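All of these numbers come straight from a predicted model, not from anything done at the bench. Throughout, a chain's letter reflects where its sequence line sits, starting with A, and its residues are numbered from 1.
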Protein chains: 2
Amino acid sequence: VKFQEKEKSVEQVLFARRASGLSTNATAGPSAAAISFDSGHAFPGILPDLTQVATAALSKYRAETLQYAPRPGLPELRSWIAEYMRADGVVNLSPEEVLVVNGAKHGLELVCRLLLDEGDSIVVTAPTYFTAIPIFKSFGVGFIEIPQDSEGLNVSELQHSLEDRKQAGKRLPKFIYDVPDFHNPTGLTMSRNRRETIIELAKDYGLFIVEDSPYRKVRFEGESQPSLKALDDSNNTVLTLGTFSKLMAPGLRVGWIAARRDLLARIVQLKSDGGSCPLTQRLIVEFCVTGQLDSHIRRVQETYRVHRDRMVDAVRRELPEAEFNVPHGGYYLWLTLPPDCDGDDLAKRAAQENVILVPGSKFFTSSGGRGVGQPSPKNHIRAAYSYASPDQIDEGVRRLARAYHSIP
Amino acid sequence: VKFQEKEKSVEQVLFARRASGLSTNATAGPSAAAISFDSGHAFPGILPDLTQVATAALSKYRAETLQYAPRPGLPELRSWIAEYMRADGVVNLSPEEVLVVNGAKHGLELVCRLLLDEGDSIVVTAPTYFTAIPIFKSFGVGFIEIPQDSEGLNVSELQHSLEDRKQAGKRLPKFIYDVPDFHNPTGLTMSRNRRETIIELAKDYGLFIVEDSPYRKVRFEGESQPSLKALDDSNNTVLTLGTFSKLMAPGLRVGWIAARRDLLARIVQLKSDGGSCPLTQRLIVEFCVTGQLDSHIRRVQETYRVHRDRMVDAVRRELPEAEFNVPHGGYYLWLTLPPDCDGDDLAKRAAQENVILVPGSKFFTSSGGRGVGQPSPKNHIRAAYSYASPDQIDEGVRRLARAYHSIP
C-alpha cells in the first residue's frame, strides 16, 4: 500500500479547525477570535460575484455544464488558457498543450503519477511548499534539497549535487520542483539568470522541471521575469502548473497543466475523474471572456499589497527580532527568528494567543539542505497575509509578538 | 512509470467525438445526425434547473463556496448523504463514514490507491463496467472474472475460484468489485440471497467488497434489494461508491465513498486535490434540503422508463435476432446476438449508419470468465437508452438493425 501512515498533515488540522469555525468566528471581536495567518486562503472580501455568469452557465449552457465534459477540459477554456500563457511569453503554446485539472495540486499529483516510480528522487528547494511534500512522499520518492538565496534556487549547488550523483553512479532525479515566482514559503522570485541556467542544467542532465506558479500575477511592484516555460525554447523540459485559485477563487478547483502533447496524452489517461467539472470551467470562461478577470486581478494585487504592507509594518514594529525579505508579490512573509528560537514552540504559543501560523519546520522534507543527518533549521515561521483583514493583521502580529516574548 | 501505454480508451474516443459535435448536432434531423447509444450521459431534457440554488450558493454562501473547502467534504453534505443512506437501510451510518469525492470514478481510484499494490488481483464480473477497467489496470492488478446469471454475480463460482487459489497457495484477491443494482452493462440486479452470500464469502476470505451503485434509484418497477452496505452488519467489509451524476447531473462531478472511519481517514490523506469543489457541493445541499431531489428522482425514473420501453419495443420489432433481459432500471440494454455475430464489426457498421454503440468486447478484462486463454465472447453490444430521445431511440434501433442485416 503506497499510503504513508503519517501524522495528520498540518493542512488537514487547519482545515478541521477552520471547518469547526474557530478561525472564522465573525461574531466575536478580533481580540477574541483566532486570527488566521496559516494558509493560502483568499481574503473573503475579494471573492468575485459570479452569480451572473452562473445563471448563464446554468441556463444557456445547461446541456454542457450539467453533462459529462471532455476529459482534457472545455475547448474554450483550453484556448483561453493557451492565449493567456502566450500573452505571458510562452510563444506558440497551443490549446492541445493545455490540460484542465481540478486545481494545481491535482495537476502535481498527475505529473507525479506520470513521471515517478518507487525509489526515484526529485529536486526541491529547502524550504519548499509544504502541501506538496506528502504528495511527493506518497510516491515513495527521495528528496534532493537545494537551498535558496535572494536569486532563488541555488543552481550551482544543484549542479554540484547532480554531478556528484553522476560521478557516484547514482540514479539522477526525475524532476526539479520549484515555485519560481513569489515562492511558497519564502516569497523569493528567481532571477532571470538563474532561470536560464536551471533550464540548461535540466537539459544537460535530462531532467524535467515542474514549474508551479500560482502567485505569478499577484505582483505588487516591479517587472515579471519570463516564466520557466517561456524560456524553454525546446518545449521539452518544463511542465507548468497553473490555477484559477489565486486569480479568481480557490473554491472553483480548476487548474491546468501546460506541457508537451505526448506527456499530456499520457496524463489524460491517468485522469480517471470523468472530466473536470464543466460548470466551474464555464463560469471561468464566461468571467474571463467578458473581461472581468483583468479588473479582478488588479483588485487582487491592490488588496494583497495593502495586506503585505500592513504585515511588514506590524512585524517591524512589534517583532523587530524577526528578519525577512519583503516579497514583491504572493501571500507570505517568511520570518527568520534568532537561531535559538524554536518555530514549532513559537507556533504553539501563538495558537495559545489565538493567532495561527505554520512553523517553518513543516516546509523541509528532511535536513533542510544542510546535508544528510543535519536537522532542519527550526527558527522560521510562515505568516500568510492573504486571509486576514488589515486590522486582523495588526492584531495578529501583536499576538505573535506576545507569544515570542513569552518564550523563556 | 505506472501508466499503461494502451490504446485510447473507448470513452476518450467517444468524448472526443461528442466534443467535436458529431453526436449532438441538433440542427440536422435525426436521420442525418449520429445517434448516441454509447454512453451513460444524461438525457439533456432532464437536467435540472439549478439557477436559483446557484444564486444562493454564490451570494449567501460565497465565503464558503469560493474558498478552499474541508478535505472530507462540506459537513452539511456529508450529513445529508449519511441520512440518505440510513433511509436506504444502512443503519447507524454517520457523517464521519462519508467522504465526498469528485465523482464515483474518483472514488474508485482512491479506493484502488488505498487497497492495491502492484501484482495484486481483484474480482470483477464478466462483463464489467468498462471505464473501471483502465483504472484497475493502471494499478497493475490481475483480474479474476466471474460470470453473472439472472441473479447477478455467480457466487458459487467465486467460492470455487477462491478456494482453488487458497489450496494452490496463491495470493487471494484484495477486493470484489461489482455493480449490484442495474449492472453496467448487463442491467442485472443481484438477488437478496446472493447479496447475503457474497458478504459472508468476503468475510470468510478476508476480502473487501467495492459496491458501485450509481443506478440504484433509477428503478422503473419492483422493489429494491437491500444494498450490500446495508447487509454488512459488521461495517467492515463493504466500501460503497455513490454519485450525484445519475441522481442530479453528471456535470457536478460530486460523488462519495461510504466506508469505515479508519479507511476513510487514510483515503483523505491520498486525496490531494485541496478538497472537492465547495460550490457544486453547496448546489447539491441546497437542491436536496429544499426537497427538490425527491421530485427530480421521480422525473428521472419516469423519463428513463419511457426511454427503456421505447428501446425494448424497437429492438423486438427491428432486431428480433437480439436477446436481452428487460432491465428494471438503469441506463442499458445488453444485447446478445447470435454466436457468430462479431460485436466489434457490428459497432463499426452501426457507426457507419450513424448510430454509436459500445461493442461488448470492451466490457471484458480478458477471457470473459471462460477461463485462461479463452477469448472473450464477441456477440454482445451495449445500447444505452439514457441520452437519446424516444424518437432518436426508434431511429437509432432502425439503423442498428440495418447495420446488423448488412453483415454478409
| request: Considering non-hydrogen atoms only, spot the tightest contact between A:Gln67 and B:Ala42 and give its length. | output: NE2-O, 2.8 Å
| query | Going from CD on A:Gln52 to CG on B:Leu58, what distance comes out if it is rounded to the nearest 0.5 angstrom? | reply | 11.0 Å
| task | Decide yes or no for A:Leu50 and B:Leu66: does some side-chain heavy atom of the first lie under 4.5 Å from some side-chain heavy atom of the second? | result | yes
| said: Can you give me the closest heavy-atom contact between B:Gly40 and A:Tyr68, atom names plus distance? | reply: O-CE1, 3.4 Å
| task | Against chain B, label A:Asp49 side chain, backbone, both or neither, depending on which of its atoms sit under 4.5 Å from a heavy atom there. | result | both
| message | So for B:Ser276, is it side chain, backbone, both, or neither that comes closer than 4.5 Å to the heavy atoms of chain A? | response | backbone
| request: Could you please spell out the steps behind the side-chain contact (heavy atoms from CB on, under 4.5 Å) verdict for A:Leu283 and B:Leu279? | output: CA-CA 11 Å; A:Leu283 294 183; B:Leu279 173 58; 3.5 Å; yes
| said: For B:Thr280, which atoms come within 4.5 Å of any heavy atom of chain A: side chain, backbone, both, or neither? | reply: side chain
| query | Does any heavy atom of chain A fall under 4.5 Å from the side chain of B:Leu74, the backbone, both, or neither of them? | reply | neither
| remark: Correct closest heavy-atom pair for B:Ser138 and A:Arg113 would be OG-NH2, 3.7 Å
| request: Using the test ring-ring contact (aromatic ring centres under 6.0 Å, His included), find all partners of B:Tyr61 that sit at least two apart in sequence or belong to another chain. | output: none
| query | For B:Cys277 and A:Gly251, which heavy atoms make the closest approach, and how far apart are they? | reply | SG-O, 3.3 Å
| query | Who are the side chain to side chain donor-acceptor pair (under 3.5 Å) partners of A:Glu96, not counting sequence neighbours? | reply | A:Ser94
| task | Identify whether the distance between the nearest side-chain nitrogen and carboxylate oxygen of B:Glu109 and A:Lys271 falls below 4.0 Å. | result | no
